[in-house]
Each structure stands twice: as structure tokens, then as C-alpha cells.
Amino acid sequence: MKKNSVWFDGKFMPLKSVRVPLLTHGLHYGSGVFEGVRCYQTPAGPAVFRIKEHIDRLFNSAAAIEMKFPYSRAEIVRAAKELIRKNNLQECYIRPLIFYGEKMGLSPLGAPVHFAIAAWPWEKYLNHDRIRVHVSKFIRLHPDTAVMTAKITGYYFNSILASLDAHAHRADEAVLLDANGCIAEGPGENIFFVKGKTLVTPKPGMILAGITRDSIIKIAKDSGLKVVERNIKPGELGRFDEAFLTGTAAEITNISQIDRVIYSRKPKVSRELAKAFSEAIHGKIKKYRPWLDFVNK
Ligand code: PMP
């Protein structure tokens, strides 16, 4: 099969040949769920990072909007790995997407459910190593307005507005507050702060509990750092030494400043964590190898 194949409704096919009808529910109302997963090169060939957790989250997201489809988690993991092999990719980003198909009217019940997986090389999501961040005027959705543990496509209008707001303020990325006025997360990333040997990060509830976030917490604890999950007020931003974003797309991205607050030019702790994370995803640290699912196995 030629490069640039995708998996769509159970079959591998060229990306170009997928046609989605104009009256697709997911297109009009954002009734889709998705994941972002990464595959990395390791000494034992390409390996997908924490695919089990991503596919679990995908299936939980789908259940939140009552989607039904005939594939098991294991079949989706197999399809994703086969897609990487077919496209001859070594390091790539994998995008599973499930969406409600052709039907108009807000209730999606009765609409067909489509399941797609695409994969492509996607090196850097955020272009700079040290980015400028703006606290957006748009706040995160309140947990009573949405299921915050689900990655539902429609929610991302909120992230899009915040990103546009950040760019209008000449920043590279946004950070959103939650409904209580505390720091929540980026449009597609979690956020961490460093003070001495302590990492501080917003606690789950109002944020997406990211898989990269979870990995960094584990690596930090294993390296002897203290990790505190708590509410963070914007007024505290100047008290931290370093700040960084985490996410599957963004990986570990250091923050140089948030609006007028400037962080250390030599973010020692963030760099050490980024180094350990990079070694873990590339299969160089034995204890984190269970996070990897080898593509050629
Ligand atoms: N928050 C939001 C809103 C996101 O979209 C993402 C990306 N999935 C994250 C945080 C980071 O999550 P993960 O580390 O699982 O990619």
C-alpha cells in the first residue's frame, strides 16, 4: 500500500479517497471524539507511547456521547500499529477520530458512527523551544457544561478562541483560567511550575488529566522531586522559577514568560525532566519501557 494511507471504518485506504458527506453531524455540531498519540524511534524500532491509556481515554470519550461501534480496544491498537508500518513511518503523530456521520438535528442518536485513524510525521507542535504565553480572556469550560475527562471535538472551539487571543497578544500560546479564576491549562496542553525542587500543577477536575502530565509526575517523583497538585491563582505566577507545558503534541515545551512574568533563562529542573522524558519515550530507560508498545512486535 502506498504511503499516506489511513484506516477508515475498518479498512486501510489512501487518505485522498476518504469522502465525508456535507451533512455530517460531527462537522456541524462538533460531535466527534479524538486522541493524539505519538510514536517514537527506539533501539528496538518504532514504539507507540502509552497507547493503552490513549485508547482507553478515546473509548471513554466515545461513551460520554453514547457512540457505538463494532471495534475493540485491541483491534484499534492493532490497526494503529499496522498503519504506521504501512506508511513506513518511524516517528509520527497518530490521530484516531470517531465522529457522528450524516444526520441533521442536534441529537446524534441514529446517526452512523465513523472511526478513522490517520498518522503523519509531526515534529514540533509549538515552534519555539521557549515560548511566550498569554493568560486568555476565554476561560475553560466548566465541568457542569461538559464532561471534562472526554476529548470531544466540539470543545476545541474554546481552545481555538484562546489561541487566537494569544496570537492577538503576540504570544505563542494561551493559558486558560478555570471558572474559579485559577490557572487551568493550555488549549491543548497541561501546565507545570517549578519552585526549587517542587513541581506545582493544577489538580484534576477542571482540566484534561493529560497522559504526558501523568508521565512527568511519575518521572519527577522518581527523580526525587516533590509534586503538588493544587489550585494556582494568577497572582502567584511570579513566585515560580520555571514553567512548562506538557502534551502529546507539545511534548515538554518550556515557557519563557507568561504576560509580564519572566521565568529563568536556565530552567534546570524543566530541562532535566525534558531530558528524562525524551530518554523514556525513546526506550532508553528500562523502568519506563512498559509505556512503549513496539510497532514491529
Ligand atoms: N489539555 C488539553 C485540553 C488537551 O487537549 C491535551 C492534549 N490531549 C492535553 C491537556 C494534554 O494531554 P496529553 O498529555 O494526554 O496529550
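Computation of the quantities below employed the complete heavy-atom set of this structure, encompassing side-chain atoms and omitting hydrogens, waters and symmetry-equivalent molecules. Counting convention: from 1, in listed order, for ligands and their atoms alike.
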Requested in this report: Enter the distance from R289:CZ to I285:CD1 here, rounded to the nearest 0.5 Å.
Outcome: 9.5 Å
Can you check whether [X] has an N/O within less than 3.5 Å of an N/O in ligand 1?
| X | value |
| --- | --- |
| H54 | no |
| S159 | no |
| T246 | no |
| A249 | no |

Element-labelled atoms of ligand 1 that are located less than 4.0 Å from some non-hydrogen atom of [X]:
| X | value |
| --- | --- |
| G247 | 11 (C), 14 (O), 16 (O) |
| E189 | 1 (N), 2 (C), 9 (C), 10 (C) |
| K151 | 4 (C), 5 (O), 7 (C), 8 (N) |
| E185 | 1 (N), 2 (C), 3 (C), 10 (C) |
| N190 | 10 (C), 11 (C) |
| I211 | 13 (P), 14 (O), 15 (O) |

Query - Pairs touching residues 69-78 that satisfy side chain to side chain donor-acceptor pair (under 3.5 Å), sequence neighbours left out - result: D56-R73, S72-E75
Query raised in the report: Do K195's NZ or CZ and the ring of F240 fall within the cation-pi criteria of under 6.0 Å and 45°?
Result: no
Query raised in the report: Any idea which protein heavy atom is nearest atom 16 (O) of ligand 1, and the distance to it?
Result: T248 OG1, 2.6 Å
Requested in this report: Identify the protein heavy atom lying closest to atom 14 (O) of ligand 1, giving its residue, its atom name and the separation to 0.1 Å.
Outcome: T212 OG1, 2.6 Å
For [X], which part has a heavy atom under 4.0 Å from ligand 1: side chain, backbone, both, or neither?
| X | answer |
| --- | --- |
| R140 | side chain |
| R57 | side chain |
| P187 | backbone |

Side-chain contact, heavy-atom cut-off 4.5 Å: [X] with [Y]?
| X | Y | answer |
| --- | --- | --- |
| I258 | V135 | yes |
| P187 | L176 | yes |
| I183 | K233 | no |
| W7 | F115 | yes |

**Report entry** Y156 to ligand 1, any heavy atom closer than 4.0 Å
**Finding:** yes
For residues 243-251, which side-chain donor-acceptor pairs fall under 3.5 Å, sequence neighbours excluded?
unit_1 : atom_1 : unit_2 : atom_2 : d
E251   : OE2    : Y40    : OH     : 2.5

Query raised in the report: If you look at every heavy atom in H282 and S278, which pair is closest and at what distance?
Result: ND1-O, 2.7 Å
Query raised in the report: Looking at Y93 and G36, what are the two nearest heavy atoms and their distance?
Result: OH-CA, 3.1 Å
Query raised in the report: atom 9 (C) of ligand 1: which of G210, G36, G188 has the nearest heavy atom?
Result: G188
Query raised in the report: Is there a donor in the side chain of S264 and an acceptor in the side chain of D241, or the other way round, less than 3.5 Å apart?
Result: no
